[in-house]
Every structure is written in C-alpha cells, then in structure tokens.
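What you are looking at is a predicted structure, and each value in this text was computed from that prediction instead of being measured.
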Amino acid sequence: MAKRSIRNIGVIAHIDAGKTTVSERMLYYSHKEHRIGEVDSGTATMDWMPEEQRRGITITAAATTIDWNDYRINIIDTPGHVDFTSEVERSLRVLDGAVGVFCGTGGVQAQSETVWRQADTYDVPRLVFVNKLDRIGSDFFRVVESIRSKLGANAVPAQVPIGSEKEFDGVVDLIERRALRFDPQSLGEKMFDEEIPGDLEDTVAEYREKLIEAAAEFDDELMEAYLEGRDIEGDRVRAAIRVGTLAGKLVPVFAGAALRNQGVQPLMDAVCHYLPAPGDLETVRGTNPHTGKEVIRKLIAEEPFCALAFKTVADSHGDLVYIRVYSGRLKSGAQLLNSRTGKKDRAQKLYLMHANHREQIDEAVAGSILAVVGFRHTSTGDTISDPSSGIALEPPVFPERVITMAIEPVSIADREKLLECLEKMAREDPTFGWRTDTDTGQLVISGMGELHLEIIKQRLEREFKVEATVGKPRVSYRQTIMDTCEGVGIFDHKIGERSQYAKISVSAGPGNEDGSCEIINLLSKEDVPLEFHPAVIESLEAAVESGGTLGLPLMKIRVSVTGGATRQGEASAVAFATAANAAFDNALSSAQSFVLEPMMRFEIQVPEEYYGAVSTDLNQRRTVIREVDLKGGNRILRGIVPLAETFGYTGVLRSLTQGRGTISIEPESYSAVPHEVAARFQI
C-alpha cells in the first residue's frame, strides 16, 4: 500500500467522553470486527485487559489496523484517566494525527485539556468529534466555542447536527450541503443522503460560510472565488482544510453519537481527507549517537532504517516492543543498533497488532506501527537503527510519580516472584517504579495516583497470581534548595598497600523548573584524568537519586563539578566517586532546603444545591479555587489542591452530593509545603 494512503492516528479525550466507543464503531464499519463491542458490557475489543473490562475504563493504549476505502488506518485508542497519561504521551510521540473526542454535555474537561497540550507538544494535527449529542444537556455549538476559548484552537465546524438531545437524528455535511442520516436497523452502517431540513437552512448557510472563510486562509484561489461569490467545488474546500489542519492552524469539528451509531463513518472519511500521511512530515531530526551532531532522515523506505520504541509489554516468551518506523525497511531477523546502549538487538518476529491479537508479517516500511519480539536490550524511548547509520531520536518525556505505597508479599516464598512481577510492570509502564527503602527495608511502589497503584495491586493478584499486602498511599514529597552552595570532598586513604587520594569540588543551586536535575561537568583533564570523569558523574547522579539531607528525592537543582585534584600514582575511580559523593553532601548540608509537595489541578462538577457544602469542604483542604462556572444546573469548580488532601476524596464527594458529584484531578506542579507540614521533616 502506498505510504500516502496510510494514516497513523490516536483517539484522545477526557475519561468517559466515548473514545473507545468511537474506536469500536470504526472497527465494525471497516469490517475488522463483525460485532460491535461495548464498553459497559465488557465486550470492547480495544479494552482487552481484565481490569479494563471489569471497570469499564481504558488503562493501556491499544493498537489496531483497519482498512477504510483505499486507506489503511493505524489506530491507537488511549486512556482518558490522568493516572494513565503516560500511555497518551508515548502514543502521541509517534503518531501523525489525532482525533479529539469531546462529550456533548461536558465539553472541554480537565483531562481533555491535558491531552490537547500533549498533542501541542508534538505538533500533532487534530480533528474533533463532539460525541454524545443525544444526551440531555448536550450542545454542539457550546462545545465548539469552549474548544476555541479554553484550548486556543481554531475549531471550525465541518458539520452541524440535525436536532438536539433526544431529537438528534444525523448531521449536515457543510461542504456538500447534504444531510446524512444513519439507519438504526443496520446499526448505523447504512447512510442516507438527503436534502437539508428546512429549519436548518439558515444555520447551514451561516456555518458553511465560516468554514469556507477559514479554509480560504490556506488557498489563494479559494479566497478569490469566495470573495467573488463563485460556487466552490467540495474537493477544493477539502484540500484547503487539509493544508490548514496539517499546519496546525485549523481544527475541523464533526458531530455524532457513537453509542447510537451516528456520525462515525464521516469521521473516518475525515481522517483520510485531513490528517497527515507519514510522508507529509517529510523528515525526522535526530542526533548521531557517537558525535552528537544533528542527523536529518527522509521518511521514505529508501533511507537507512530507524524507528522509535514507544511501548513495551512484558511477556514470558520475550518482551513485545511496539515501534514506529520512520525511515527504511525492517525485515524479520534483522540486526539493529540501539543508540542508547550501543548494543545490537535482533528483530526476530514482526507483528501487526489488533488489541492483544497478533498478525505476523515479514517486512515493515517507513510509516508503519508494529510490534517486535526478540529485543533483549531495547525498551520504551530507545531508538533502533541500521548499525551502519546510527541515529538517536527524541524520546517521549513522562511526568513525575506523585504517590508511593509500601508493598510486601504475604510469604517469604512469594518475594522473588513479587520482585520479578514488579520489574515486568516497570518495564511496561514508565510512570510506575519500585525500590527497596534503605532505612526500613520495605518494598515501595510509586505511580501517578491511587487508581494507578490499586490496579497494579489487582494485576499482581489476578494476572500474576501473587498475593501481597499494601500500606496506605503516601505523598511523594521532594526536596530542593533555593540558594547556591559549594562543597569539597576529599578521599585520602590507604587501601591495602596503595595510597589513594582524590579531591572534588562542586557547586549546587536552583535548576530547571521542569523538575529535572542537571549535572554539569566542568572538570579539565589536567585536574582529573579523563578516564575518571564518568565515575564522578555517575556518583553524583546516584547521590541525586538517593535523596538529600532530608532523605527525599531531589528536584529542580543544578550541580556543577567545578574542580578536582589527585596525586601522582594515587588516582582511582573509587576515590573520585567517594570524593564526589562527599562534596555533594557537604554542599547540601550548607544550603537551606525546602520540601516540595505535588499540587493537583482539579475539576469538580456538582449540582447547584450541593455547591455550598462542597466548597466549604474544599476550603478545609488547602484548596485554591480558580474558577467557578454554572452550566446546565451544575456548578463546575476548577482549581488546585495538594495531593495529600485528595486521598479518599472521591468517597467524600459522593457522600456530600448523594452520589451526583464527579471529580477529575491531574498533576499541576510541585510547590513548597507550608511550615506546619515542613516541621514533620525536621527542617
């Protein structure tokens, strides 16, 4: 199949906006599946994990491939819950386009803002599908306006709905000026092309003019025809919309109700018309892993092979590594270079994925998304390439873990199995981690939220058959410093018959606001022989990870190695590593430390009559309410709250609102804790 006929897309949205329902209809109408899977009944093809089927939510991004008309569409259905946002992050890193699904009643919600920003980060062109227009309180035009105002997107309707709420009965295609209705007897598969209802003619004329005006910005001839009032061919309008969409300056909006099987086929047509083919990007930029110089690779099969690994699924028969091929060809059995490790890996078997089902293939070309079995040294974020033409691509960036929990096996015999399972899940999920607490000896797991760790525990029990007990969730506090400090470390000892001497000086101070810690090597080869520089840097990296003077992980700091010394014949890697560690500890001990806590952005929706009780409760939780809206008899509160104040809050909210309140929270940033909280850390 020609590369121009391939589309690599993701379906992204806030939880419960209907992403998976939209994906399931795409599978059905393309005849990939012969029945419609439903989320609520646990039969959705894309929600294949037992925990997904039991809870009715998407936990892991699932990939599939469908054929629609003359196009092949690779689809990744992503989670909507903030605890699994890494699945969205790594999917958007390798996708060419995305369909943003918005609820017709909820509009722009907290997580839909997050996934939209993630797509902005990777310059992913988007379409919008306003779903659930058959629900009471739904309003297509209000949702479009909220996308424009809250997300800053140039959202322009390409359709308008016929009827509203319970009377919703199809859509009008603004380009062709035809009404489309969907036959309920065929589950919406049969579509009827009709005249526009008389009561919609003015609305259609108004929004068609807005659409053509927006499209004309990207086609001078179309602009001329529009200004002269000439009739304009539909293909001309679609071509201009495509230019604007690929440039990220136009977002076409479509309407429907996926659960009622309305509006999905025109959306699939729009994916083919407006979202990019792999070749539309033309080139990808990376660096030479040996020299660090920029490398530009054309996205064609004739270039040397390169691909990015964006997802790992641990398997007893060998990890399944999902990759996006950017250039070249990959044949099963090929030997490849991992640019991060410098080691070679063999792609023993290649598979096209359909959720958890595999279809073995012999070859993949530029633009393909597939899974590989056989890699031993490759994991999420790694670039693999032709050994004779190495390149390192930018990996996806994942958020900080914000919550920890102690976990212990119920028996000593289960400990090794538990450790093995935790390691498997950490390979799969970059936002999940585990470690052994050096002070207590306990196993500690960390993740993105209560639900995240709860599902980890249930996967251990159901999937891996490991019984474990867990403690209460704890906030993942961090430590930083607000002023510059300096320290010197000296190692001067005799080990065996040999004297060893090393001296290292470091300077530490505030660093990157993104939370990362940066280590800068300013050593010269005259101060410290080059062969010992890695030992110094590795020692400082370990010191930063192990925590500061308060025993908390460090963030937002920059450490510079400013000097060093040794004596003739007395240098060693151990001496320099120990001196570097001591210098860092001495520097931190002289600085004023601050404890940071994760702050969460929240959106709460409650009926008007419960607003007073909920706002009073929030004020007792160190909450800052930034915005309060009134929409359809419901109050929508937005603001920030410390993570520590959110544990168990879902149950509290249900109690305060008789089960009618909803909340979504997501990480906002880290900020300094108040004095009364800092006192617990004996600052």
Start with the C-alpha distance between Ile407 and Ile456, add both sets of side-chain angles, then the distance that settles side chain to side chain contact (heavy atoms under 4.5 Å, CB included), and finish with yes or no. CA-CA 11 Å; Ile407 183 169; Ile456 291 290; 5.9 Å; no
Quick check: closest heavy atoms across Gly18 and Asn131, and the distance to 0.1 Å? CA-ND2, 3.6 Å
Short question: side chain of Lys417, backbone of Pro409 - any donor-acceptor pair under 3.5 Å? no
Backbone N/O of Val108 and side chain of Ser112: donor-acceptor pair under 3.5 Å: no
Starting at CD1 of Ile604, measure out to CZ of Arg638 and round the result to the nearest 0.5 Å. 11.5 Å
Counting neighbours of CD on Gln658 that are heavy atoms of other residues, nucleotides or ligands and sit closer than 6.0 Å, is the number greater than 12? no
Salt bridge (Lys or Arg N to Asp or Glu O under 4.0 Å) between Lys424 and Glu463: does it pass, once the steps are laid out? CA-CA 12 Å; Lys424 275 186 179 181; Glu463 190 177 326; over 6 Å; no
Using only atom types and a distance under 3.5 Å, with no angle test, would you say the side chain of Thr480 pairs donor to acceptor with the backbone of Met555? yes
Are the side chains of Leu443 and Leu419 in touch, meaning some heavy atoms are under 4.5 Å apart? yes
Looking at Gln605 and Ile636, would you say the former's side chain and the latter's main chain have a donor-acceptor pair under 3.5 Å? no
Thr404 and Ser476: side chain donor to acceptor below 3.5 Å: no
Interatomic spacing from CZ in Arg126 to CD1 in Ile9 - rounded to 0.5 Å: 13.5 Å
Considering only heavy atoms from C-beta outward, does the side chain of Glu428 approach that of Thr380 to under 4.5 Å? no
Output for pair (Thr623 OG1, Met600 CE), nearest 0.5 Å, gives 12.5 Å
Mind checking the CD-OG1 spacing from Glu89 to Thr78? Nearest 0.5 Å is all I need. 11.5 Å
d(Met425 CE, Phe432 CZ) to nearest 0.5 Å is 5.0 Å
Only counting residues at least two apart or in another chain, list the ones meeting ring pair (Phe, Tyr, Trp, His ring centres under 6.0 Å) with Phe141. Tyr207
Do Leu618 and Val641 touch side chain to side chain, with heavy atoms closer than 4.5 Å? no
Would you confirm whether Arg25, through its side chain, and Ala258, through its main-chain N or O, come within 3.5 Å as a donor-acceptor pair? yes
In Å and rounded to the nearest 0.5 Å, what is the OH to CZ distance from Tyr122 to Arg93? 6.5 Å
Would you mind writing out the side-chain donor-acceptor pairs for residues 148-161 within the sub-3.5 Å range, not counting sequence neighbours?
from: Arg148; atom 1: NH1; to: Asn154; atom 2: OD1; distance (Å): 3.2
from: Arg148; atom 1: NH1; to: Ala155; atom 2: O; distance (Å): 2.7
from: Ser149; atom 1: OG; to: Glu145; atom 2: O; distance (Å): 3.1
from: Ser149; atom 1: OG; to: Ser146; atom 2: O; distance (Å): 3.4
from: Asn154; atom 1: ND2; to: Lys249; atom 2: O; distance (Å): 3.0
from: Gln159; atom 1: OE1; to: Ala255; atom 2: N; distance (Å): 2.9

Criterion side chain to side chain contact (heavy atoms under 4.5 Å, CB included) on Phe584 and Leu554, from CA distance to verdict: CA-CA 12 Å; Phe584 182 67; Leu554 291 155; 3.6 Å; yes
Any Val251 side-chain heavy atom under 4.5 Å of Trp116 side chain: yes
Give me the atom names and distance for the closest heavy-atom approach of Phe168 to Leu133. CB-O, 3.7 Å
Which heavy atom of Ser590 sits nearest a heavy atom of Ala587, and at what distance? OG-O, 2.8 Å
Check Val606 against Gly661 and note the closest heavy-atom contact, atom names and distance. CG1-CA, 4.1 Å
Looking only at heavy atoms, the pair that brings Ile12 and Ala98 closest together is CD1-CB, 4.1 Å
So does Thr105 get a backbone contact from the side chain of Arg142, meaning a donor-acceptor N/O pair under 3.5 Å? yes
Tightest non-hydrogen contact, residues Ala119 and Leu92, listed as N-CD1, 3.6 Å
Working note: Lys132 + Asp16, criterion salt bridge (Lys or Arg N to Asp or Glu O under 4.0 Å); need CA distance, chi angles, decisive distance, verdict. CA-CA 10 Å; Lys132 301 188 178 184; Asp16 202 34; 3.7 Å; yes
Please step through salt bridge (Lys or Arg N to Asp or Glu O under 4.0 Å) for the pair Asp169 and Arg260, ending with a clear verdict. CA-CA 10 Å; Asp169 189 32; Arg260 279 180 53 189; 5.3 Å; no
Quick one: are Val470 and Leu453 in side-chain contact, heavy atoms under 4.5 Å? no
Any side-chain heavy-atom pair of Phe102 and Val128 under 4.5 Å: yes
What verdict does the side chain to side chain contact (heavy atoms under 4.5 Å, CB included) test give for Arg478 and Lys556, after you've listed the backbone C-alpha separation in whole Å, the side-chain angles of each residue and the deciding distance to 0.1 Å? CA-CA 10 Å; Arg478 297 284 190 270; Lys556 297 184 180 181; over 6 Å; no
Give me each pair satisfying salt bridge (charged side-chain N to carboxylate O under 4.0 Å, His left out) with a member in residues 608-617, each pair once, sequence neighbours excluded. Glu608-Arg635, Glu609-Arg660, Asp617-Arg621
Verify side chain to side chain contact (heavy atoms under 4.5 Å, CB included) between His14 and Lys19, making sure each step is shown before the conclusion. CA-CA 9 Å; His14 183 89; Lys19 298 176 309 305; over 6 Å; no
Indicate yes or no: at least one non-hydrogen side-chain atom of Val22 is less than 4.5 angstrom from one of Val99. no
Test salt bridge (Lys or Arg N to Asp or Glu O under 4.0 Å) applied to Lys457 and Glu461, step by step: CA-CA 7 Å; Lys457 179 181 182 297; Glu461 295 172 352; 2.5 Å; yes
Please tell me if the side chains of Leu267 and Met26 come closer than 4.5 Å, counting only heavy atoms from C-beta onward. yes
